[in-house]
Amino acid sequence: MTASIDRPALPYAPLPDRGLFPDRGLPHPALAAGDPELAALITAEERLQADTLRLIPSENYVSSAVLEATGTVLTNKYSEGYPGRRYYEGQQNIDPVETLAVDRAKAVFGAEHANVQPYSGSPANLAVYLAFAEPGDAVMGMALPMGGHLTHGWGVSATGAWFRGVQYGVRADTGLIDFDQVRDIARRERPKIIFCGGTAVPRTIDFAAFAEIAREVDAVLVADIAHIAGLVAGGAHPSPFPHADVVSTTTHKTLRGPRGAMLLSRASHAKPLDKAVFPGLQGGPHNHTTAAIAVALREAAQPSFRDYAHAVVANAKALAAALLDRGFDLVSGGTDNHLILMDLTPTEVPGKVAAKALDRAGIVVNHNTVPYDPRKPFDPSGIRIGTPALTSRGLGTEHMPLVADWIDRGVTAARSGDEDALAAVREEVTDLMAAHPAPGLSLAR
Ligand SMILES: *Cc1c(COP(=O)(O)O)cnc(C)c1O
């Protein structure tokens, strides 16, 4: 079949069997012909994702099926409204696509209602504000530097500018949420909405404890499970239902779908949420994304996804243990989920310096504040790592001591400026990655 494709001259040398669609002979034939500059960048990104150890806890590898769904003609359609209630004709195929996604979301998470249209996690959270609060109302969430998300009322976000954000944190001695503090703040400030969940929370979220406080002050409890949705779907983290009124989640982190989001809720909250997403906040839904969300949810309902979710947690626990063995300081002393927050203060290597050195060693992490960080947010004391992506590649607990070793060698090399040591780690990383091909990518070396 490759014979029928016009092969344009490439500005780069294609390796054999390279790219997402090796059976087509070229990785992205139409792109390579029409926009070689962009095709080269995408191919380079495929190579980078294949060759590196990706430890960013919010990243993953989607399946080829999810990837294909995102690149379809569904992107050509306008579908403002909801299935059966559209403002455009020609929805014969789109309505069932969205209905499939909604039904699968409800089944996977045990929710009475699902809205799969939010463009991403931040707009999904904005819709919650629009549904349940008025500008100026108090809203409560975990402070960003303690592990919360910008959209939980932090000052630089619209949610902190238009609402009165009040924030809770974690205890300095344990790194854990102090529910006495959460209750005190909630009683004093009477927030309309309470968010639980975050972006750098290495421990199980106690949804029941939050629900009790929210009930007492008559607040809407929103469980933002963006990071842990895949663990919840796979039974590796307790479900926010029946405790939370609303569950907000991205679809592209541990859930392993396309970049997008969902709002799940009890039936009684369905109307205000749907109205807030459309027409309150958004126009036409991204149907190609909706289709890919449906595919990801079908995958999440398979027994193999439970294995993946539990393996993510087992890997994170094994990696945390191996890092502790090597003397590293972990916020809260370890992890219950997919995420580890390393406080590098004792190593005297700032988080950003460590992250950049590890990147040169083929290990991709992000610098991150740690609770009560004495350093500035742009130059914080920690790095944040996680195991979803490496688990999707089939790495297991037996590999985690090696990963911890690489991190140790990388941080040590960052301190001494030893570029040769970083290059040596990079070679080892590339070799292991070659032995564990990434889903969605079929790059030959
Ligand atoms: C990632 C994340 C978001 C935002 O998602 P985007 O798609 O990046 O807008 C919101 N809340 C939490 C807890 C997150 O981890």
Side-chain angles (χ1 to χ4, degrees), residues 53-63 108-110 147 170 174-177 196-209 223-241 243 247 249-257 296-297 299-326 328 330-342 363-366 368 382-404 407 436 438-439:
L53 178 63
R54 301 171 60 232
L55 291 181
I56 293 181
S58 49
E59 291 189 351
N60 216 325
Y61 296 93
V62 298
S63 69
V108 164
F109 290 97
V170 296
T174 59
L176 302 176
I177 291 170
C196 60
T199 61
V201 179
R203 294 296 180 176
T204 300
I205 301 167
D206 188 343
F207 299 117
D224 183 346
I225 61 166
H227 259 263
I228 55 170
L231 307 185
V232 171
H237 187 289
S239 171
F241 291 118
H243 309 293
V247 172
T249 185
T250 56
T251 47
H252 48 269
K253 297 178 185 176
T254 50
L255 190 58
R256 222 159 57 176
L297 288 168
E299 292 174 358
Q302 308 306 314
S304 57
F305 195 87
R306 292 187 78 82
D307 298 342
Y308 148 79
H310 285 93
V312 166
V313 175
N315 280 338
K317 285 179 186 287
L319 181 54
L323 290 167
L324 290 169
D325 279 349
R326 284 156 185 78
F328 283 107
L330 310 183
V331 172
S332 85
T335 182
D336 298 327
N337 53 31
H338 64 299
L339 183 148
I340 297 166
L341 192 53
M342 300 177 66
I363 299 171
V364 189
V365 307
N366 66 269
N368 213 99
I383 57 173
R384 190 184 68 148
I385 62 178
T387 50
L390 67 77
T391 304
S392 291
R393 294 185 78 141
L395 297 196
T397 50
E398 69 276 19
H399 297 106
M400 295 307 109
L402 179 58
V403 172
I407 293 171
H436 294 83

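Values reported hereafter were calculated over all heavy atoms of this structure, with side chains retained and with hydrogens, waters and symmetry mates removed. Just so you know, residue 1 is the first one in the sequence shown, and it goes up from there.
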Check: In chain order, what residues pass the side-chain hydrogen bond (donor to acceptor under 3.5 Å, both in side chains) check against S332, with sequence neighbours excluded?
Finding: R203

Check: Between I385 and I407, does a side-chain contact (heavy atoms from CB on, under 4.5 Å) hold up when you go through it step by step?
Finding: CA-CA 10 Å; I385 62 178; I407 293 171; 4.0 Å; yes

Next item on the list: Could you pull out all residues at least two apart from T391 that satisfy side-chain hydrogen bond (donor to acceptor under 3.5 Å, both in side chains)?
Entry: N315

Item checked: Under the side-chain hydrogen bond (donor to acceptor under 3.5 Å, both in side chains) test, residues paired with H227 that sit two or more places apart -> H338, R384

Note to self: Measuring only between side-chain heavy atoms, which start at C-beta, is N368 closer than 4.5 Å to M342?
What the structure shows: no

Next item on the list: For V170, enumerate each residue passing the side chain to side chain contact (heavy atoms under 4.5 Å, CB included) test, keeping only those at least two apart in sequence or located in another chain.
Entry: M142, M146, I177, P371

Notebook entry, point to check: What is the distance from atom CG of L255 to atom CG of L297, rounded to the nearest 0.5 Å?
Noted result: 5.5 Å

Checklist line | Partners passing ring pair (Phe, Tyr, Trp, His ring centres under 6.0 Å) against H399 (at least two apart in sequence or in another chain) | finding: H436

Check: So do the side chains of M400 and L390 get within less than 4.5 Å of each other, counting heavy atoms only?
Finding: yes

Notebook entry, point to check: Mind checking what makes ring pair (Phe, Tyr, Trp, His ring centres under 6.0 Å) contact with H237, not counting sequence neighbours?
Noted result: F207

Note to self: Among L319, I383, L55, exactly one meets side chain to side chain contact (heavy atoms under 4.5 Å, CB included) together with I340. Which residue is that?
What the structure shows: L319

Notebook entry, point to check: Can you name the residues that form a salt bridge (charged side-chain N to carboxylate O under 4.0 Å, His left out) with R54, not counting sequence neighbours?
Noted result: E59

Check: Taking only residues two or more places apart in sequence, or in another chain, which ones meet T397 in a side-chain hydrogen bond (donor to acceptor under 3.5 Å, both in side chains)?
Finding: none

Next item on the list: Identify, with sequence neighbours excluded, every residue that meets ring pair (Phe, Tyr, Trp, His ring centres under 6.0 Å) alongside Y61.
Entry: none

Next item on the list: Could I get the full list of salt bridge (charged side-chain N to carboxylate O under 4.0 Å, His left out) partners for R306, not counting sequence neighbours?
Entry: none

Next item on the list: Output all residues satisfying side chain to side chain contact (heavy atoms under 4.5 Å, CB included) with A236, sequence neighbours left out; order by chain, then residue number.
Entry: L231, A309, H310, V313

Item checked: Contacts of A209 that satisfy side chain to side chain contact (heavy atoms under 4.5 Å, CB included) - sequence neighbours left out -> F179, D206

